[in-house]
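Beneath this line is the structure, given in structure tokens, with notes to follow.
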Amino acid sequence: MTNAVTRWRVALESWAIPPEILAQAPESPWTLAPDTFVARALRQVAAPSGESYDRALKALPADGSVLDVGAGAGAASLALAARAARLTGVDTNRSLLDTFAALASDRRVDVETVAGAWPDCAESLSVADVVVCHHVLYNVADLAPFVTALSAYARNRVVVEISATHPMTPWNPLWQRFHGLERPRRPTATDAVDAIAELGFGPRVARWERPATLDSMSYAELVATTCRRLCLGAERATEVDAALRDLGVDPAAPTLGGPTRQLVTIWWAGTAD
């Protein structure tokens, strides 16, 4: 029987875009505008909230340390800055890390940023009281070393946040419409929990939601993003606009996939000495 870690990898690999479609893409369909990460960080700094924030805060001692893996602009860890003495952010995007560092400096907390892929860059880092990792796992096919390293660098707790389903799932009907392609529906957060449990970390789980409008973009940006996701050029924007409206997207409150975003917080005890 295929184990949970292998099932996760195989399911993620099934999201690969057929080469003949990818070859015609004018730009990468996987990228997300940096403004989205910055807006999310600013929102969490202004009003920290959410199940993931609560679980991390409970495990963070006063003047403690936080390691943020896949930090982006720092939404996961900057929310904890009022209690932490030190934040460390790891990400492959140096520009977003610079934004993270600037926002952390404004809050008078020590910050370190490391540009690199996890866990390859882990050896250069110190253990933290809490390790946070938000909206990264669906980019990680080889889950075992990634999750094991998260745990190894956490004294108290690892807190992971992901969407209940793959973040590209809302575009599935449009892949069928424009390319006649049936897209995958797995892995899901449940698959991630099963894999983490199989690795022996005893994950606990909380399912929650927040308004999708908190992460929304303008309608014009959604149309442009959808063209990119579907490997279509800007000349198809009028067709994409019509398709989004057919799916019930309201240009005045442009969200794809419904009015709420289904999220899952997964946490477990760290294994650092």
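No experiment lies behind these values; they were computed from the predicted model shown.
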Notebook entry, point to check: Is the ring centre of Trp118 less than 6.0 Å from the ring centre of Tyr153?
Noted result: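 Yes, ring centres under 6.0 Å apart.
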Answer yes if [X] and [Y] sit in the same cluster of Ile, Leu, Val, Met, Phe, Trp and Tyr residues linked by side chain heavy atoms under 4.5 Å apart, and no otherwise.
X	Y	answer
Val264	Trp8	yes
Val193	Trp208	no
Trp171	Leu12	no

Next item on the list: Carefully, step by step, assess Thr190 and Arg207 under the rule side-chain hydrogen bond (donor to acceptor under 3.5 Å, both in side chains).
Entry: CA-CA 10 Å; Thr190 298; Arg207 296 178 180 271; 2.8 Å; yes
Please report the interatomic distance [atom1]([X]) to [atom2]([Y]), rounded to the nearest 0.5 Å.
X	Y	atom1	atom2	answer
Ile17	Arg229	CD1	CZ	9.5 Å
Leu57	Arg55	CG	CZ	11.5 Å
Ile21	Phe178	CD1	CZ	12.5 Å
Leu42	Leu103	CG	CG	5.5 Å
Ile196	Leu143	CD1	CG	6.0 Å
Leu174	His179	CG	NE2	9.5 Å

For the student: nearest non-hydrogen atoms of [X] and [Y], plus distance:
X	Y	result
Ala192	Ile266	CB-CD1, 4.4 Å
Val158	Leu150	CG2-O, 3.6 Å
Ala197	Pro203	CA-CD, 3.6 Å
Gly233	Cys227	O-SG, 4.0 Å
Asn93	Asp91	N-OD1, 2.8 Å
Ser163	Ala189	O-CB, 3.8 Å

Next item on the list: Only pairs at least two apart or in different chains count here, so list each side chain to side chain donor-acceptor pair (under 3.5 Å) that has a residue in residues 128-151.
Entry: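 Only Ser65-Asp129, Asp129-Arg155, His135-Glu161, Ser151-Thr271 qualify under side chain to side chain donor-acceptor pair (under 3.5 Å).
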If only atom types and distance count, is the side chain of [X] paired as donor or acceptor with the main-chain N or O of [Y] below 3.5 Å?
X	Y	value
Thr225	Glu221	yes
Arg186	Ala11	no
Thr169	Thr165	no
Glu198	Ala195	no
Asn172	Pro184	yes

Note to self: Are there over 12 heavy-atom neighbours, none belonging to Glu123, within less than 6.0 Å of that residue's CD?
What the structure shows: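 Result for CD/Glu123: open.
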Note to self: Using a 6.0 Å cut-off, check whether atom CZ of Arg245 has over 12 heavy atoms from anything other than its own residue.
What the structure shows: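 Correct, the count exceeds 12.
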Item checked: side-chain hydrogen bond (donor to acceptor under 3.5 Å, both in side chains) partners of Thr188, counting only residues at least two apart ->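 Checked Thr188 against side-chain hydrogen bond (donor to acceptor under 3.5 Å, both in side chains); matches are Asp191.
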Notebook entry, point to check: Looking at Arg94 and Asp98, does any basic side-chain N land under 4.0 Å from a carboxylate oxygen?
Noted result: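 The answer is yes: the pair qualifies as a salt bridge.
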Looking at side-chain heavy atoms only, is the closest gap between [X] and [Y] below 4.5 Å?
X	Y	value
Val45	Arg107	yes
Val159	Thr265	yes
Thr88	Thr113	no

Checklist line | Set of ring pair (Phe, Tyr, Trp, His ring centres under 6.0 Å) partners for Trp267, sequence neighbours left out | finding: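 Not a single residue meets the ring pair (Phe, Tyr, Trp, His ring centres under 6.0 Å) criterion with Trp267.
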[Y] and [X] side chains, donor-acceptor separation under 3.5 Å:
X	Y	value
Ser49	Arg43	no
Tyr219	Asp250	no
Ser14	Arg9	no
Asn3	Thr6	yes

Checklist line | Sequence neighbours excluded, every pair satisfying ring-ring contact (aromatic ring centres under 6.0 Å, His included) that has a member inside residues 10-52 | finding: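 Of all non-adjacent pairs touching residues 10-52, those that pass ring-ring contact (aromatic ring centres under 6.0 Å, His included) are Trp15-His166.
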Note to self: Test: salt bridge (Lys or Arg N to Asp or Glu O under 4.0 Å). Region: residues 166-179. Which pairs qualify, not counting sequence neighbours?
What the structure shows: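 Every pair satisfying salt bridge (Lys or Arg N to Asp or Glu O under 4.0 Å) with a residue in residues 166-179: Arg177-Asp246.
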Please list every donor-acceptor pair under 3.5 Å in which a side-chain atom of residues 77-87 meets a protein atom from a residue at least two apart or in another chain.
from	atom 1	to	atom 2	distance (Å)
Ser77	OG	Asp68	OD2	2.7
Arg83	NE	Leu60	O	2.5
Arg83	NH2	Leu60	O	3.4
Arg86	NH2	Glu112	OE1	3.0

